[in-house]
Number of protein chains: 2
Amino acid sequence: MSVSQLVTEARVKEILETVDYFLFDCDGVLWDGNGVIEGSVETIKKLKSLGKKVYYVTNNSSKSRQDYLEKCKECGFPAELDDIVCTAYAAAQYLKNIGFKNKVYLMGKDESMGTELKDAGIQYFGPGPDPLEGNLKEWFAMRLDPEVKCVVVGFDPHISYMKIMKAASYLRNPDCIFIGTNEDRSLPAKDKDIVIPGTGCMVLPVALAANRRPILMGKPETNMFDLLKKVRNIDPSRCLMTGDSISTDIVFAKNCGVRSMLVLSGMSTEDDLITANGKGSNADPNKQPDVYAQKLSEFGKFI
Amino acid sequence: MSVSQLVTEARVKEILETVDYFLFDCDGVLWDGNGVIEGSVETIKKLKSLGKKVYYVTNNSSKSRQDYLEKCKECGFPAELDDIVCTAYAAAQYLKNIGFKNKVYLMGKDESMGTELKDAGIQYFGPGPDPLEGNLKEWFAMRLDPEVKCVVVGFDPHISYMKIMKAASYLRNPDCIFIGTNEDRSLPAKDKDIVIPGTGCMVLPVALAANRRPILMGKPETNMFDLLKKVRNIDPSRCLMTGDSISTDIVFAKNCGVRSMLVLSGMSTEDDLITANGKGSNADPNKQPDVYAQKLSEFGKFI
């Protein structure tokens, strides 16, 4: 492994001298399906005590910013509302910023996606169970709301055939905007037998049925960083993005032009890192973090 | 349009002289969401009266062979059970042929996929509603059946978060076989406002969550043709496959080494055909039907 560097005391010192803004992915970095990842709270607290700005940047669309704030506090991570950028918030702000005045058909949780849309003053409907009903003939006779000019798909544990049908049908109108929060495959959960499906499992079937690609809010797209830059006036050259997924977090950092650290406590494995750094001609500079660590506390112990 | 030829009396004559086995896709060729496509019954009857063998080869996994037989009869198409090859049947036969003795976790309808598995003597569970229940902690505690060694995903209008979770979790075991009937995007329904999602909307989220590719039974894969050849001893050089989808039916025909006819009464449009035949350097021989017609009756009128 020649390109990405393991964290050492010297490298941490250099990072602390040149980075003011620390962006963190959450699931797989700070916590996972088993709870808080050991040592991560202490690391964040040390950074804060040095006066560093800490931002939580998450693709998870099952929570609003307020939910995330509560989750951070509950786990012991220091946070204010403005430190949190999540895809539910990003989707609502995207629509607000383009002056969207119509209705949204929402596949996603009311308490996360819905709350953020409401806070941005945007009308929507769709959350909650929508179980199978009727037959082909009745489906063809379904009435679509002509005011719907956007379909937003986020994490929706009530995904159903009716919802995919409705979302794809609204999207037959080429003027109907299609927003997906993110395309994450599953939630990080080391050493578990159960796979917890991610938002990609809701976004992809709609994209397939509609034969359209969504505008994506989540990493690796840059929307959330653009939002942060706009509101908090951040200098990308003094940022470090830390995440557990090469294809999501590290590619996001590259797309945003910021440095990156990979932790191996979540989605991506050491093998993924070796592949990115180059097995023969397979090297992919877009997937190479600047530094890596087994987990965040390996970085924290040198602070 | 230079490569694929419009049906003419001379071409139909030549086809009738050189083809004994006529394979037909159903949705979009014989019928669609609006009912029987005008003139298709008459065309099939003419072929039968000339002593031609007619096979119905469909990706639709929401019906068993028996269901298809009834649907054919109801619409007026002459058919016997052995004339029908569908993906539910193909999936069951695939498992039977490899001597599969364990249990299947099935995402699909009991009355189609389930019936075919049962007829092939294969144990399964899974069909029917499986609505959202519990939370992350409870999901992680879920018990998987250790006898499940195959996940089959077909058309499942009861698609749910729990089902995707279970299917993907069984597939964590690399020895667990993953079969998808097909990856069709939607059902053909000309001039309708509503998009009817296809089996791809069930297969893809499972593939994504499990990070695995399924073995596909449906067109454009050759499994259904292999099955037909094996059982009915068909000569590929004397076959014509007729379908409405370039990416499904025409590519299937090419993969099977048989001639093909595209009808424009379903999924693929004249623009798709022009693209396949070559706009500049875009030509794709794998997507070029030998002949094409607006609809099947345009072929039938020359018989």
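Keep in mind that what you see is a predicted model, and the values were worked out from it rather than measured. To find a chain, count down the sequence lines: A is the first, B the second, and so on, and within it residues start at 1.
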Does Lys287(B) NZ have over 12 foreign heavy atoms under 6.0 Å away? no
Can you tell me how far apart CD1 (Ile159(A)) and CD1 (Ile164(B)) are? Round to the nearest 0.5 Å. 4.5 Å
Ile194(A) CD1 to Arg143(B) CZ distance, which is reported to the nearest 0.5 Å: 10.5 Å
Pairs of heavy atoms under 4.5 Å with chain A: top-ranked of Pro129(B), Ser186(B), Ala168(B), Ala210(B): Ala168(B)
Where on Asn211(B) is there a heavy atom nearer than 4.5 Å to chain A: the side chain, the backbone, both, or neither? both
Chain B contacts: which residues in residues 198-209 of chain A have a non-hydrogen atom closer than 4.5 Å to it? Gly200(A), Cys201(A), Met202(A), Leu204(A), Pro205(A), Leu208(A), Ala209(A)
Could you tell me whether the side chain of Ile196(B) reaches within less than 4.5 Å of the side chain of Phe140(A), counting heavy atoms only? yes
